[in-house]
Amino acid sequence: MTKSYSGLRILREGLRNHKGWGAAWRSPNPGPEYDVIIIGGGGHGLATAYYLARTHGVSRVAVLEKGWLGGGNTGRNTTAIRSNYYYPESAALYDLSLKLYEGLSRELNYNVMLSQRGMLVLSHSEPEMELAARVVNAMQINGIDAELLDAKEVKRRAPLLNARADARFPIHGAIWQGRAGTARHDAVAWGYARGADALGVDIIQNCEVTGFLMEAGVCKGVETSRGRIRAGRVGAAVAGHSSVLADMAGYRLPIQSYALQAFVSEPIKPVIDTIAFSPSYGAYFSQSDKGGLVIGGGLDRVPSYGQRGNQPMQEAVLSGLVELAPALAKVKLLRHWAGIVDVTPDSSPIIGPSGVEGIYLNCGWGTGGFKAIPAGGYLFAHLLATGQHHQIGRPFDLGRFQTGRLIDEGAASGIEH
Amino acid sequence: MTGFRAPARGLIDRNRILSFRFDGRAYYGCAGDTVVSALLANGVRVMGRSFKYHRPRGAWSSWFDDPNAVFAIRLNGHELPNCPGATTELQDGMEVRSVNAFPSARFDLKSALDLGHRFLPAGFYYKTFMWPDWHLFEPTIRRMAGLGKLEMSEIDGYVSDQTHDACDLLVVGGGPSGIAAARAAAERGMSVVLVEDHDALGGSGLQVARIEDRDMAVWMREQIAAFQAAGGQILSRTTAFGVYDHQLVALIQQRGFGRGPRLIRMRAQRCVLAAGALDRPVTFGNNDRPGVMSLAGACDLLARYGVLAGQRIAVMAPHSQAAAQIEMLRDAGATMTEVAPDGPARALGGKRLRGLRVGDQTYGCDTILTSAGMMPVLHLWRHAGGKLSWDSTASAFVPASGPDWMTAVGGANGTFDLADALIEARAVAVGDDRPKRLCAYQAHPPEVVLTDKSRQWVDFQNDVTVKDIEIAARENYVSVEHLKRYTTLGMATDQGKTSNIPGLSTMASLRGKSIPETGTTTFRPPFVPVPLELYRGAHRGQQFHPLKRLCLEHRHRAAGAALGEYGGWLRPGWYGGDTPQDAIQREIAMVRHSAGVMDASPLGKIEVMGPDAEQFVNFIYYNTIATLKPGFIRYGFMLTEGGIVYDDGVIARIDQNRFVISCSSSHVEGVSAMLEAWRQDGNDPDRIFVHDTTLNWPTITVTGPKARDILRRLDLGVDLSPDAFGHMQMREGRFQAAPARIARVSFTGEVSYEISVPVAQAQALWDAALEVGAEHGAGPLGLEAVSVMRAEKGYVIIGKDTDGETMPHDLGFSIPRLKKKAAFVGDRALHTENATRPDRRRFVGLKVPDGDPMLPVSAHIVTRGQGGPSSCGYVSSSYLSPTLGHPIALAHLDQTQATEGTEVELLHLGQTRRAIVTAPCFFDPKGERLHA
Amino acid sequence: MRDDSARWDPAAGLDREAFQTPAVTLKILRPNRQTLISGPYPAALQCANVETATGWPEAALGDHYAVRLRRDRILVINGDALSDGWHAAKGVAVSDMTGGYAMLALGGPKAFDLLRRGTEITPDAASKSVLRGFHGYPVMLYSHGAGQFRLHIPSAMVDGFWSLLADLARQLE
Amino acid sequence: MQKFPCPFCGLRDEREFRFAAEAGKRRPDTTRDISARDWSDHLHVVRNPLGATREIWVHMPCQEYFVMARDTAAMTVLDVEPLRKETV
């Protein structure tokens with residue numbers, strides 16, 4: 001067990017020139033067999049491993065990561081965390097996640113810098129205000145903190161935003177969730193990794209899965225770039241590349257891969273103290289603790305696995321952002337990049353059996369995977385440990401595409417989540 | 001006095017003196033200076049403070065690789081934040097302030113932070129601030145962080161210009177190799193564009209006296225003249241900042257301080273990368289002191305701005321190109337001491353350098369110039385998907401395999417010798433093989449050794465030291481991305497241009513691995529920071545999402561219309577009135593008693609023609625259309641394949657082979673596209689044609705008990721008597737000798753006629769209808785009144801009274817679902833488990849107990865269980881009906897709760913209401929007025 | 001409920017002065033007729049009584065001509081009036097669109113530079129169709145003789161499109 | 001910004017195109033019984049391969065629907081053909 005982190009320990013290490021810090025996690029070689037193998041060392045995979053060991057006492061667990069842990073969408077997103085959802089099913093899932101986030105730094109003894117600075121979802125017309133009220137009512141009925149703000153209150157909370165009446169999309173008001181916020185994305189992956197490692201989980205980086213070990217139609221393990229590894233159950237948490245694994249193992253998914261871009265500006269002194277999202281302008285942003293504006297928008301229009309930005313979408317998102325906050329015109333863009341996300345027909349995730357015995361799925365998170373990491377891990381661990389759905393996870397089973405019971409937030413609120 | 005202006009050197013205009021202020025003090029520079037060169041010429045060394053420890057920092061270099069000199073600059077009443085001083089051209093009257101420092105860069109109160117540095121190691125914040133809660137500490141930390149302060153005002157006229165361009169060959173970099181390559185290609189008849197980020201071409205060539213046996217300036221002039229004579233185009237002050245898919249290179253052209261830059265989306269058949277190379281800093285003790293600078297940077301300062309970086313200069317530059325550079329500086333009057341970095345080295349002194357100590361030797365100096373070797377600038381190469389390989393004699397990453405349309409030459413290719421570079425550039429430019437280099441280049445960067453004596457700096461702006469990297473390694477954050485993210489190495493505004501390689505080599509030597517084994521991080525666009533305005537350009541204001549405009553708008557304005565945005569159009573919501581409410585109530589009363597005249601032009605008029613048109617529309621519609629007779633109209637839905645109601649509207653059959661689809665205004669493009677998709681997929685496209693004629697046929701609707709009387713006076717040449725022209729029928733008539741199409745359909749519940757005429761007749765028809773109408777007490781009618789009246793009738797507005805879950809049977813239209821034989825879009829999805837679930841929502845009406853106010857739209861209808869309230873529906877429309885004199889509402893409600901007469905509970909923003917379920921139609925349920 | 005009349009400059013439609021700068025000139029044209037004809041290309045040409053339908057970069061000449069919109073659709077400028085509807089004998093569908101499109105003439109030394117700001121276009125990249133996206137607007141764009149261009153834009157968008165062209169023209173140096 | 005070849009218009013930039021669907025699906029005869037699984041496969045399931053794929057795209061200005069073979073990782077266009085039968 002690595003020694004625990006604290007301010008005091010930093011002082012002590014400071015005096016002895018930081019000679020006492022140990023590895024945050026080991027770099028073990030793969031063992032021959034595990035109870036559970038999780039493919040994908042991103043936030044969801046690492047959180048799953050952590051809760052398997054922590055909550056279900058399953059300690060013979062390996063996380064197999066093709067590259068470096070947290071290197072997928074966990075390390076590429078815009079770090080927003082929220083549970084401002086319309087349907088009870090979504091609300092239960094994402095609020096479980098938010099609740100777990102609220103205790104995460106202390107649980108993991110690793111500061112993930114959860115910053116509950118609140119989130120504005122802006123409305124720019126009377127019909128949008130009606131939709132906003134409908135969402136706020138649904139959230140309150142679902143037991144989630146929500147307020148409907150008028151234009152004056154929005155201006156008070158975010159004076160940076162374009163409050164002019166002659167703006168193309170004048171601000172009429174907003175949905176406010178105070179508990180929403182941001183967290184340091186890398187820290188979430190690293191914290192779970194350190195926690196899982198301490199509980200005996202083998203985190204194996206640079207280990208690519210090249211095939212599945214099938215016996216009589218049942219998956220008994222995986223072939224990897226570092227040899228064959230047997231397992232009781234295999235969980236796939238490889239958002240963005242879920243279809244690639246599916247093709248390898250012989251199950252099929254209702255998932256299309258798209259690049260989702262993100263942008264960060266040069267650091268400036270604090271200009272906005274919340275997350276602001278304008279569906280009409282097609283952009284949202286917040287400001288990191290380092291001072292950079294972290295900016296996001298919609299999916300690229302071309303389905304792809306190419307992890308790079310596409311210019312038309314950059315221009316759409318950034319012009320929308322500057323219309324939303326005109327003072328930002330002078331701020332310089334420092335870096336932009338893209339992650340590959342799984343997009344399902346209803347933009348809701350898939351948690352459940354894959355259709356191939358022995359293989360289970362955690363995928364389809366679309367643009368919203370980061371905020372769901374703790375819940376995704378928690379529910380997936382439950383599924384892998386027991387073979388049964390947790391009740392919060394059940395509605396997200398693959399079966400919904402046959403029953404037609406989709407969970408499409410866009411359908412209800414007109415706002416794609 | 002350290003740095004100073006050497007006589008008679010550089011490209012500056014010494015006769016044009018510019019005055020400016022830095023941190024409040026007045027200084028002078030010359031036209032052609034950058035802010036950094038001017039400050040150095042004035043002997044100013046301390047230009048900024050570092051991000052974390054607020055250490056004093058001076059310029060490291062003379063161009064985009066300088067991470068230290070970052071300023072807030074004010075000119076003509078406007079301030080730009082975080083201006084890189086090394087690339088900002090000096091202008092008269094500039095007010096320059098250092099960022100992240102108070103009161104000034106020289107004396108910064110926060111520099112006290114540096115004393116506590118040993119307690120702020122890499123990643124310290126991951127290990128603390130957990131109790132009681134991070135959010136307690138965060139505000140303070142956020143205020144400390146960030147560089148410049150953003151002025152909230154907008155700069156008027158700060159508008160970027162965006163354009164597209166294309167060329168056979170794009171040459172990036174206007175140094176000798178770039179110029180030679182560009183000329184060679186242009187003279188072969190290619191269209192060539194040469195981009196250079198400085199104002200003047202020349203690059204590193206400006207540092208030599210002669211090129212190819214000519215005086216340097218003469219050589220430049222000749223080459224440039226020949227290039228332009230061959231049709232070549234030069235873009236100066238222009239930086240290629242990103243390479244995107246399909247050979248698109250994004251260029252930013254500066255148009256002056258405070259003016260929006262130009263974005264050129266350049267589509268290049270081929271690209272020659274001649275971006276040169278940068279100095280790799282030597283990593284040694286206190287190497288962040290002001291006065292420790294890049295050797296090449298110092299030479300560039302001298303060559304361009306006539307600024308000598310110091311007087312007594314110690315140089316640590318263990319590579320084979322250094323000698324000439326040292327000679328150049330000595331020649332300009334500095335005393336140069338060459339020092340071999342063959343032991344632990346340390347800079348002596350504080351804000352003012354005293355010397356350099358290597359091993360047990362001390363060398364007195366006021367300036368230290370270092371270069372551990374030259375690093376080819378390969379960002380664009382990596383953007384384009386090019387690979388890198390490690391050249392161990394050059395100790396640098398050089399281009400390996402890459403895209404066939406891009407090649408690197410000169411310094412960017414590791415060809416540092418000028419003669420070699422020119423031969424290579426000319427050959428590569430015209431597609432010949434790369435010649436062998438004649439002159440060998442070697443660099444012997446000193447090994448980084450961990451020491452507790454002094455801090456050795458790797459990322460100057462973000463304060464990352466060798467010790468921080470050692471901690472990251474110790475804690476197993478060894479992958480390059482982990483190292484970068486854990487220590488913030490390379491995340492500064494220079495994006496690692498100076499720190500990446502030193503960071504990698506440090507990690508490599510700490511782990512006893514080679515640099516290629518340790519890896520390299522991906523370079524991401526933009527190559528240099530670009531203002532967000534660059535991406536906006538004309539995508540602003542009304543152009544951000546323009547509205548469609550009615551051809552009668554001037555008439556509506558004249559009639560006192562209140563215009564609003566409806567389904568992508570600017571349309572009259574109501575006319576006149578003291579308050580909207582008054583006006584709307586008055587218009588409703590007018591229609592119910594006499595008539596209203598409305599501009600319904602945006603209503604879709606999509607013609608479907610051809611021998612297969614009938615079976616085609618029968619497939620597109622939920623309802624059966626095949627049985628529709630010419631001259632008749634049918635109301636129907638279009639569904640998605642998921643069974644969701646996408647649009648409602650009427651379809652008229654003009655003759656056997658011709659239908660007109662009148663979809664809702666906001667769906668005209670969508671419906672046309674959907675029709676076209678099905679037409680080309682699974683149908684014979686030569687037997688079906690779809691014309692969207694909406695804009696050719698403005699539509700005036702006359703609705704109300706007096707509608708027929710009004711139409712009679714318009715001489716449409718159509719028998720209007722009820723038996724001759726019934727509800728849901730259409731006729732072709734004429735108005736003023738032009739064709740007119742009259743459809744008897746109603747959205748108000750009153751007798752209504754939609755008259756469509758060509759644009760040329762629209763105004764005459766509108767005027768005539770109003771003139772005649774006036775005699776009957778009829779007048780103009782806006783959309784708001786109509787949406788109340790249609791609610792009184794229980795008619796849905798798609799998107800308001802339906803959402804992405806609504807299926808036709810939820811709205812009470814079940815027969816086609818159960819009876820229609822032919823296939824239609826969405827049919828199968830109407831029989832999934834979800835489509836047949838017992839608790840599906842049903843479209844209902846709601847009325848409130850007598851005396852209660854109207855229900856709020858979006859209120860949820862709830863049932864109470866042990867787990868608290870749960871939603872079983874919501875209010876989609878709600879009005880105070882003037883016709884009925886009481887509030888009415890439309891809602892979607894779980895059909896198990898939806899029996900008429902049931903009382904339901906509603907929640908809205910914490911308040912509770914009650915209502916009684918009714919049928920959705922509140923007015924004239926038998927439709928007597930409609931069929932009158 | 002809001003009255004946004006003031007937020008939007010009154011629509012002038014086709015009644016507007018020509019726009020002139022040293023760089024470009026822009027004016028409204030009013031053809032007698034614009035007719036949409038869909039059907040197999042030869043049948044459409046025959047019905048329109050024209051030899052060919054212009055694409056890019058070749059130039060349309062004179063007053064009566066056709067431009068190619070789709071594989072199976074042309075727009076005829078001026079020419080004889082045809083009856084709307086399905087012409088069974090010819091196998092073509094006809095619709096009058098005279099009022100459906102505003103027609104603009106663009107000229108001046110920087111006319112092409114202006115066009116490049118709205119769409120990725122080069123003089124040599126041939127295209128059978130004159131339809132293209134222009135800064136988000138659906139336009140028809142073709143040459144009408146050296147340095148002269150014509151644009152058709154859905155009539156409901158002409159106000160926005162005109163002011164866009166004016167904004168872009170200001171950027172020309 | 002990618003360039004796609006419309007089979008009718010030739011090369012245009014990606015802003016003029018819209019992705020419609022994966023190629024190769026046929027709408028089942030919905031007048032017959034179709035199992036929930038088969039319908040869901042038709043409506044929702046896709047191959048979504050990394051690498052070579054065939055998709056249906058539409059060139060919005062000229063409304064040409066066509067099949068485009070492209071590489072989803074390299075972002076290269078391999079081949080295009082009209083969805084409808086060719087006519088001059």
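Sequence lines set the chain letters: A, B, ... in the order given, protein chains first and strands last, and positions in each chain run from 1.
- Proximity to chain B (any heavy atom under 4.5 Å) is shown, for A/Asp166, by neither the backbone nor the side chain.
- Of the atoms belonging to A/Pro326, heavy atoms from both backbone and side chain fall under 4.5 Å from chain B.
- Across B/Asp133, B/Thr806, B/Val528, B/Thr493, the residue that shares the most heavy-atom pairs under 4.5 angstrom with chain A is B/Thr493.
- Among A/Arg335, A/Glu126, A/Glu266, the residue making the largest number of heavy-atom pairs under 4.5 Å with chain B is A/Arg335.
- Within a 6.0 Å radius of NZ in B/Lys800, other residues, nucleotides and ligands contribute more than 12 heavy atoms.
- With a 4.5 angstrom heavy-atom cutoff, A/Tyr87 touches chain B only via side-chain atoms.
- Between the side chains of B/Tyr535 and A/Gln311, not a single donor N or O lies within less than 3.5 Å of an accepting N or O.
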- [ ] Take A/Asn111 and B/Thr128 through the side-chain contact (heavy atoms from CB on, under 4.5 Å) test and state the conclusion after the steps.
- [x] CA-CA 6 Å; A/Asn111 185 2; B/Thr128 180; over 6 Å; no
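- Taking the charged nitrogens against the carboxylate oxygens, B/Asp452 and A/Lys19 do have a contact shorter than 4.0 Å, which makes a salt bridge.
- With ring centers used as reference points, A/His336 lies under 6.0 Å from B/Tyr244.
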Task: Criterion side-chain contact (heavy atoms from CB on, under 4.5 Å) on B/Gln495 and A/Leu334, from CA distance to verdict - done: CA-CA 8 Å; B/Gln495 288 292 291; A/Leu334 202 53; 3.4 Å; yes
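- Remark: B/Arg540 does not engage A/Glu323 in a salt bridge, criterion side-chain N to carboxylate O under 4.0 Å.
- Using modelled atom types, one finds no donor on one side chain facing an acceptor on the other under 3.5 Å when comparing B/Lys127 with A/Asn109.
- Figure legend: A/Arg168 and B/Phe544 shown without cation-pi pairing, the cationic atom not lying both under 6.0 angstrom from the six-membered ring centre and within 45 degrees of its axis.
- Contacts between A/Arg164 and chain B at a heavy-atom distance below 4.5 Å involve the side chain alone, from C-beta outward.
- Chain B forms more heavy-atom pairs under 4.5 Å with one residue of A/Arg117, A/Glu102, A/Gln402 than with any other, namely A/Arg117.
- From B/Phe119, atom CZ reaches atom CD of A/Glu13 across 11.0 Å, with rounding to the nearest 0.5 Å.
- Contacts of B/Met491 with chain A are made by both backbone and side-chain atoms, with heavy-atom separations under 4.5 Å.
- Residue contact with chain B, scored on non-hydrogen atoms closer than 4.5 Å, is absent for A/Ala189.
- Ring-plane geometry between B/His545 and A/Phe169 is classed as perpendicular, the angle between the planes exceeding 60 degrees on a 0 to 90 degree scale with a lower cut at 30.
- Rounded to the nearest 0.5 angstrom, B/Ser858 OG and A/Leu131 CG are separated by 6.5 Å.
- For A/Ser265, no part lies near chain B; criterion is any non-hydrogen pair under 4.5 Å.
- Of the atoms belonging to A/Arg405, heavy atoms from both backbone and side chain fall under 4.5 Å from chain B.
- In this structure, no portion of B/Leu120 lies under 4.5 Å from any heavy atom of chain A.
- B/Asn476 and A/Ser27 share a side-chain donor-acceptor pair at under 3.5 Å.
- Residue B/Asp494 does not touch chain A at all, counting heavy-atom pairs closer than 4.5 Å.
- Contacts with chain A were tallied for B/Val70, B/Leu147, B/Leu547, B/Thr488; B/Leu147 has the most, counting heavy-atom pairs under 4.5 Å.
- With respect to A/Lys330 and B/Glu154, no salt bridge is recorded, no charged nitrogen being found less than 4.0 Å from a carboxylate O.
- In this structure, chain B has a heavy atom under 4.5 Å from the side chain of A/Val136, while its backbone stays farther away.
- The parts of A/Ala133 that come within reach of chain B are both its backbone and its side chain, each placing non-hydrogen atoms under 4.5 angstrom from that chain.
- Contacts of B/Pro132 with chain A are made by backbone atoms alone, with heavy-atom separations under 4.5 Å and no side-chain atom involved.
- Both the backbone and the side chain of A/Leu15 come within contact range of chain B, each with at least one heavy atom under 4.5 Å from a heavy atom of that chain.
- When each of B/Gly643, B/Gly242, B/Gly116, B/Pro121 is checked for heavy-atom pairs under 4.5 Å with chain A, B/Pro121 comes out on top.
- Interface summary for chain A: among B/Gln542, B/Lys467, B/Lys149, the most heavy-atom pairs under 4.5 angstrom belong to B/Lys467.
- Residues A/Trp68 and B/Tyr477 keep their aromatic ring centres 6.0 Å or farther apart.
- Both the backbone and the side chain of B/Tyr486 come within contact range of chain A, with heavy atoms under 4.5 Å apart.
- Annotation for B/Leu909 and A/Asn137: closest pair N-OD1, 2.7 Å, computed over non-hydrogen atoms.
- Contacts of B/Ala473 with chain A are absent, with no heavy-atom separation under 4.5 Å from either backbone or side chain.
- Put simply, the side chain of B/Arg118 gets close to the backbone of A/Gly14: a donor and an acceptor are under 3.5 Å apart.
- One finds a salt bridge joining A/Arg134 and B/Asp803 here, because a Lys/Arg side-chain nitrogen approaches an Asp/Glu carboxylate oxygen to under 4.0 Å.
- Separation of atoms OG (B/Ser479) and CG (A/Leu69) is listed at 8.0 Å; rounding is to 0.5 Å.
- Remark: A/Gln116 CD to B/Trp134 CH2 distance equals 14.0 Å, nearest 0.5 Å.
- Looking at B/Ile644, neither its backbone nor its side chain comes within 4.5 Å of chain A, counting heavy atoms on both sides.
- Distance check, rounded to the nearest 0.5 Å: CE of B/Met152 to CG of A/Leu160 gives 5.0 Å.
- The part of B/Tyr874 that comes within reach of chain A is its side chain, from C-beta onward, which places non-hydrogen atoms under 4.5 angstrom from that chain.
- Between A/Tyr110 and B/Met130 the shortest heavy-atom distance is N-SD, 3.2 Å.
- Proximity to chain A is limited to the side chain of B/Glu138, based on heavy atoms less than 4.5 angstrom apart.
- Side-chain atoms of B/Asn834 come within 3.5 Å of backbone atoms of A/Gly404 as a donor-acceptor pair (strictly under, hydrogens ignored).
- Rounded to the nearest 0.5 Å, atoms CH2 (B/Trp131) and OG (A/Ser105) are 10.5 Å apart.
- Contact of B/Phe124 with chain A is made through backbone and side chain together, with heavy-atom distances under 4.5 Å.
- With no hydrogens or angles considered, no side-chain donor-acceptor pair links B/Tyr125 and A/Arg184 at under 3.5 Å.
- A salt bridge does not link A/Lys332 with B/Glu533: none of the charged nitrogens is closer than 4.0 Å to a carboxylate oxygen.
- In this structure, the portion of A/Gln205 lying under 4.5 Å from any heavy atom of chain B is its side chain and not its backbone.
- Chain A forms more heavy-atom pairs under 4.5 Å with one residue of B/Leu534, B/Ile471, B/Val530 than with any other, namely B/Val530.
- Residue A/Leu114 touches chain B through its backbone alone, counting heavy-atom pairs closer than 4.5 Å.
- Here the side chain of B/Arg485 pairs a donor or acceptor atom with the backbone of A/Gly75 at under 3.5 angstrom.
- Only the side chain of A/Asp186 comes within contact range of chain B, with at least one heavy atom under 4.5 Å from a heavy atom of that chain.
- The candidate from B/Glu805, B/Glu833, B/Gln543, B/Arg142 with the greatest count of non-hydrogen atom pairs under 4.5 Å with chain A is B/Arg142.
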